[in-house]
Amino acid sequence: MLFLSHWRRSAYGPPPPAAGDPREAAGTGERGAARLARQRAAIQRLLGGWREAVSRRPPPPAAGRAPLSPEQFVERAGGGPADYESLTLELFMLGYFRILEQELPPEERRGRHLLCFEVFEQLGRHGWQAVRAFHRAVTDEIAAGRRGWQDGFDDIKAKYFGSPQSSARRPGEAGREGEEICRYIDRSFAFWKEKEAEIFSSEE
């Protein structure tokens with residue numbers, strides 16, 4: 001997944017120069033300049049938070065039957081164990097990168113990529129809290145043994161997001177800066193998804 005590869009490099013690499021949106025211009029005039037400034041500040045804060053979190057990597061969780069979860073691989077701001085229900089989008093992403101660094105069975109790795117794809121596919125339309133709850137519902141089903149990584153999760157997706165025809169974009173719940181990050185990540189996901197589709201089309 002090009003999207004994950006791009007942001008994983010951003011999390012672990014040196015700070016990139018501030019850049020505009022990958023999919024659209026910020027606009028012209030004072031309004032566009034203010035929007036671009038907010039966006040740059042939000043993304044620099046996200047990357048700064050990642051670099052700080054990287055330095056506070058907790059010990060790996062003990063092997064067990066329960067599925068690995070992003071909060072097991074990050075610490076909350078100020079130190080201490082993270083709680084799933086309070087995970088920000090950026091800490092979720094960092095924890096997910098670290099899960100994918102583990103030795104995972106092929107069916108789990110594929111299932112996690114598909115689940116991650118669905119999380120970011122729905123982020124812009126439904127907001128962070130909804131997609132975080134959706135991700136937890138899927139992993140809870142797997143932990144309870146009611147489905148495996150090779151099984152689909154269309155029923156859970158319908159429960160949380162409805163049908164494509166009925167799913168309207170919901171108002172944000174994370175404050176202005178959190179919404180700037182969500183909007184940027186959403187557009188970045190769409191950008192890399194298009195790039196991935198172009199690569200697959202050229203290979204056919």
Side-chain angles (χ1 to χ4, degrees), residues 1-16 42-123 126-151 153 156-157 160 173-174 177-178 181-182 184-186 188-189 192:
M1 230 178 137
L2 295 179
F3 169 78
L4 286 178
S5 298
H6 166 76
W7 283 104
R8 185 178 182 279
R9 288 194 300 270
S10 299
Y12 293 122
I43 297 309
Q44 291 302 317
R45 184 176 177 85
L46 178 146
L47 296 177
W50 273 346
R51 287 188 289 276
E52 182 183 352
V54 164
S55 67
R56 301 194 313 267
R57 184 166 188 155
R65 297 185 62 184
L68 297 174
S69 191
E71 78 277 7
Q72 298 171 331
F73 292 85
V74 295
E75 291 185 351
R76 58 182 171 81
D83 173 71
Y84 183 86
E85 299 303 327
S86 63
L87 278 181
T88 59
L89 173 61
E90 52 266 38
L91 285 182
F92 176 89
M93 292 175 70
L94 182 59
Y96 220 93
F97 298 154
R98 288 172 168 172
I99 288 176
L100 295 176
E101 291 170 358
Q102 308 303 305
E103 292 291 334
L104 302 174
E107 66 274 9
E108 179 177 348
R109 184 171 298 278
R110 180 177 182 275
R112 286 190 180 275
H113 273 95
L114 291 174
L115 180 56
C116 183
F117 182 94
E118 198 62 51
V119 164
F120 290 103
E121 179 78 6
Q122 302 292 342
L123 175 65
H126 295 279
W128 168 232
Q129 290 188 17
V131 298
R132 183 179 61 197
F134 160 73
H135 176 272
R136 168 50 63 89
V138 173
T139 56
D140 281 353
E141 284 280 296
I142 293 170
R146 289 188 288 268
R147 70 183 72 206
W149 285 108
Q150 71 277 10
D151 300 324
F153 42 78
I156 303 177
K157 184 169 73 170
Y160 279 85
E173 303 149 322
E177 184 170 88
I181 290 174
C182 283
Y184 190 90
I185 294 295
D186 180 46
S188 173
F189 176 75
W192 288 107

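The model shown is predicted, which means the values in this text are computed figures rather than measured ones.
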- [ ] Assess whether side-chain contact (heavy atoms from CB on, under 4.5 Å) is satisfied between Glu118 and Leu114, documenting all intermediate values.
- [x] CA-CA 6 Å; Glu118 198 62 51; Leu114 291 174; over 6 Å; no

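Of the possible donor and acceptor atoms, one in the side chain of Arg98 sits under 3.5 Å from a partner among the backbone N and O of Phe73. The backbone N or O of Leu100 lies less than 3.5 Å from no partner atom in the side chain of Arg112, so there is not a single donor-acceptor pair. Although no hydrogens or angles enter the test, the distance criterion places a donor-acceptor pair under 3.5 Å between the side chain of Tyr84 and the main chain of Arg132. Of the possible polar contacts, one joining the Gln72 side chain to the Ser69 backbone as a donor-acceptor pair under 3.5 Å is found. For Trp149 (side chain) and Pro105 (main-chain N/O), no donor-acceptor pair under 3.5 Å exists by modelled atom type. His113 contributes a side-chain N or O that, together with a main-chain N or O of Arg109, makes up a donor-acceptor pair within less than 3.5 Å.
Contact record, Ala130 with Tyr160: O-CD2, 4.2 Å, taken as the closest heavy-atom pair. What you find for Leu87 and Ala82 is that their closest heavy atoms are CD2-CB, 4.2 Å. Considering every non-hydrogen atom in both Val74 and Leu91, the closest pair reads CG1-O, 3.8 Å.
Less than 6.0 angstrom separates the ring centroid of His135 from the ring centroid of Phe92.
Glu121 CD to Leu115 CG: the interatomic distance, rounded to the nearest 0.5 Å, is 13.0 Å. To the nearest 0.5 Å, atom NE2 of residue His126 and atom CZ of residue Phe134 are 10.0 Å apart. Here the straight-line distance linking atom CG of Leu89 with atom CG of Leu123 works out to 6.0 Å at 0.5 Å rounding. A distance of 10.5 Å separates OG1 of Thr88 from CE of Met93, quoted to the nearest 0.5 Å. In this structure, CG in Asp151 is found 10.0 Å from CD in Glu141, a value given to the nearest 0.5 Å.
Between Glu71 and Arg136 there is a salt bridge, since at least one side-chain N of the basic residue sits less than 4.0 Å from a carboxylate O of the acidic one.
Under the 4.5 Å side-chain criterion, counting only non-hydrogen atoms from C-beta, Ile99 is in contact with Leu104.
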